[in-house]
Amino acid sequence: MKILFLDQSGKPGGAELCLIDIAKPYQNNCLVGLFNGGSFKDLLEKNQIPVQVLTNKAIQVKKESSLTQGIASITQLAPLITKVVKIARNYDLIYANTQKALVVGAIASFFSRRLLVFHLHDILSPEHFSQTNRRIAVYCANRASLVIANSQASKKAFIEAGGKADKVEIVYNGFDPQTYINKESEIKQIRQQLELDDKFIVGHFSRLAPWKGQHILIEALAKCPPDVAVILVGDALFGEQDYVKQLHQQIDALQLQNRVKFLGFRHDIPLLMAACNLVAHTSTSPEPFGRVIVEAMLSGTPVVAAASGGAVELVEPGINGFLTTPGNPQELTEVINSCIQDKQKTAAIAQTARNSASQRFHVVNINQQIAQLLT
Ligand code: UDP
Ligand code: GLC
């Protein structure tokens with residue numbers, strides 16, 4: 001099976017990191033076509049996955065675009081589509097990993113007569129996407145032979161937006177548990193490097209964006225004991241500079257400058273997670289899947305997540321983690337405090353999470369599920 005993967009992003013968001021694991025087994029028989037250059041391309045090359053940037057022109061569709069803008073941007077895509085049609089003739093299948101990739105992939109699959117698969121990483125709800133964008137996505141996805149949804153929540157929203165139920169299969173993201181095993185000495189060292197070795201570290205691992213809710217954690221921190229510190233790991237990947245400014249203002253106003261560290265985008269997530277006493281996920285809108293939640297479990301660090309979207313499929317409160325009401329800093333403060341107070345119970349929960357996540361999300365099992373669906 002020869003696969004042409006398509007992804008619009010040059011930056012490594014969760015959907016792109018997931019694609020690395022999916023494309024790896026096909027590395028001798030695939031090409032990843034990107035609509036933007038950037039560090040995602042470098043990561044694919046590092047993983048020996050063939051990659052080509054297919055256009056240098058920015059694609060203008062925004063999450064909130066109108067119908068006229070939507071149609072106008074599709075006509076702008078003509079040169080890219082022509083290129084994809086030509087390349088696709090050398091492959092058996094087009095695998096679209098993002099929504100703009102889906103639009104290009106759907107048209108190219110029609111002209112090249114190649115099968116189309118769509119990996120749905122988003123919740124197609126009004127909270128996340130305009131009506132026009134939902135309509136375009138659903139129209140194109142209904143022409144695919146298969147839609148792989150990253151959670152029940154994403155599947156449900158897809159069907160509610162008009163997607164055909166019989167096309168959808170749920171496949172969670174896969175992870176290699178080995179990657180999340182760290183040496184005690186390295187964990188100690190990084191805590192020292194962060195100058196937080198005597199603190200209770202709460203880690204937030206996500207791009208800086210309003211709906212990822214870093215501000216909720218900051219608000220919760222203000223009510224926590226002084227030996228609690230926060231690390232914010234991630235960057236504003238899609239130009240959310242105003243939000244970054246807002247976070248700094250909030251931290252200044254609450255006088256938390258000495259207790260919050262911005263680490264920017266990092267490639268040593270497993271070690272940083274292991275260095276934390278708790279990982280907090282605080283999305284204020286439903287999270288389609290939430291890779292960081294599973295990664296925290298695999299790192300052996302307790303995790304608290306916002307109870308919405310895919311997160312509730314991953315976390316069983318009190319068994320393998322904790323849940324809070326999205327947007328509720330008080331509940332988050334309570335969870336942080338109870339983790340500080342009841343270390344033994346918290347450690348047992350983290351251990352249960354590590355054991356179950358290692359099986360449930362093992363990349364080998366997940367890749368088998370995908371291989372079966374593609375045959
Ligand atoms: N991540 C990373 N470096 C960072 C921050 C995040 O590699 O500095 C990774 C993180 O480990 C996770 C992904 O980015 O695998 C984010 O995926 P998630 O599904 O949590 O959210 P998304 O950003 O895709 O909505
Ligand atoms: C998207 C979603 C995220 C999910 C990731 C991988 O980026 O926002 O929730 O974990 O895709 O499927």
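Atoms within a ligand are numbered from 1 in the order they appear, just like the ligands themselves.
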Quick one: nearest non-hydrogen protein atom to [atom], plus distance?
atom: atom 7 (O) of ligand 2; answer: A15 N, 3.6 Å
atom: atom 19 (O) of ligand 1; answer: R291 N, 3.0 Å
atom: atom 10 (O) of ligand 2; answer: G290 N, 2.9 Å
atom: atom 6 (C) of ligand 1; answer: I269 CD1, 4.3 Å
atom: atom 23 (O) of ligand 1; answer: R207 NE, 2.9 Å
atom: atom 6 (C) of ligand 2; answer: N173 OD1, 3.2 Å
atom: atom 9 (O) of ligand 2; answer: E287 OE2, 2.5 Å

Salt bridge check: are K188 and E184 linked by an N-O gap of less than 4.0 Å? no
Which segment of [X] sits under 4.0 Å of ligand 1 when only heavy atoms are counted:
X: L17; result: side chain
X: E295; result: side chain
X: K212; result: side chain

Assess G13 for proximity to ligand 2: is some non-hydrogen atom of it under 4.0 Å away?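 Contact absent.
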So, 4.0 Å and heavy atoms of [X]: is ligand 1 close enough to count as a contact?
X: F289; result: no
X: G264; result: yes
X: E287; result: yes

Taking non-hydrogen atoms only, is D122 closer than 4.0 angstrom to ligand 2 via side chain, backbone, both or neither?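 For D122, no heavy atom sits under 4.0 Å from ligand 2.
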Which atoms of ligand 2 sit under 4.0 Å from any heavy atom of G14? 5 (C), 6 (C)
Identity of the nearest option to atom 11 (O) of ligand 2, non-hydrogen atoms only, from H128, H121, H281, R291: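 Minimum heavy-atom distance to atom 11 (O) of ligand 2 goes to H121.
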Is R135 positioned over the aromatic face of Y139, cation under 6.0 angstrom from the ring centre and no more than 45 degrees off axis?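 That pair does not qualify as a cation-pi contact.
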Regarding ligand 2, does F289 bring an N or O atom to under 3.5 Å of one of the ligand's N or O atoms? yes
Return yes or no for this condition: an N or O of N150 is under 3.5 Å from an N or O of ligand 2.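 Between N150 and ligand 2 (N or O atoms, distance only) the closest approach is under 3.5 Å.
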[X] and [Y]: side chain donor to acceptor below 3.5 Å:
X: Q351; Y: N355; value: yes
X: E313; Y: Y172; value: yes
X: N47; Y: K24; value: yes
X: E287; Y: H281; value: yes
X: D342; Y: T346; value: no
X: R360; Y: N320; value: no
X: D122; Y: Q99; value: yes

Pull out every atom of ligand 1 sitting under 4.0 Å from any heavy atom of [X], numbered as shown with elements.
X: V233; answer: 5 (C), 8 (O)
X: R266; answer: 2 (C), 3 (N), 4 (C), 7 (O), 8 (O)
X: F265; answer: 2 (C), 3 (N), 4 (C), 7 (O), 8 (O)
X: V292; answer: 10 (C), 12 (C), 20 (O)

Can you check whether W211 has an N/O within less than 3.5 Å of an N/O in ligand 1?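 W211 vs ligand 1: no N/O contact under 3.5 Å.
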Ignoring angles and geometry beyond distance, decide whether G14 reaches within less than 3.5 Å of ligand 1 through its nitrogen or oxygen atoms. yes
Applying the side chain to side chain donor-acceptor pair (under 3.5 Å) criterion to N173, which one of H121, E295, R291 satisfies it? R291
Heavy-atom donor-acceptor pair, [X] side chain to [Y] backbone, under 3.5 Å:
X: S130; Y: N133; answer: yes
X: Q372; Y: Q369; answer: no
X: R114; Y: S112; answer: yes

For Q27 and P50 the tightest heavy-atom approach is O-CD, 3.2 Å
Residue that, paired with F5, satisfies ring pair (Phe, Tyr, Trp, His ring centres under 6.0 Å) out of Y91, F118, F40, Y95: Y95
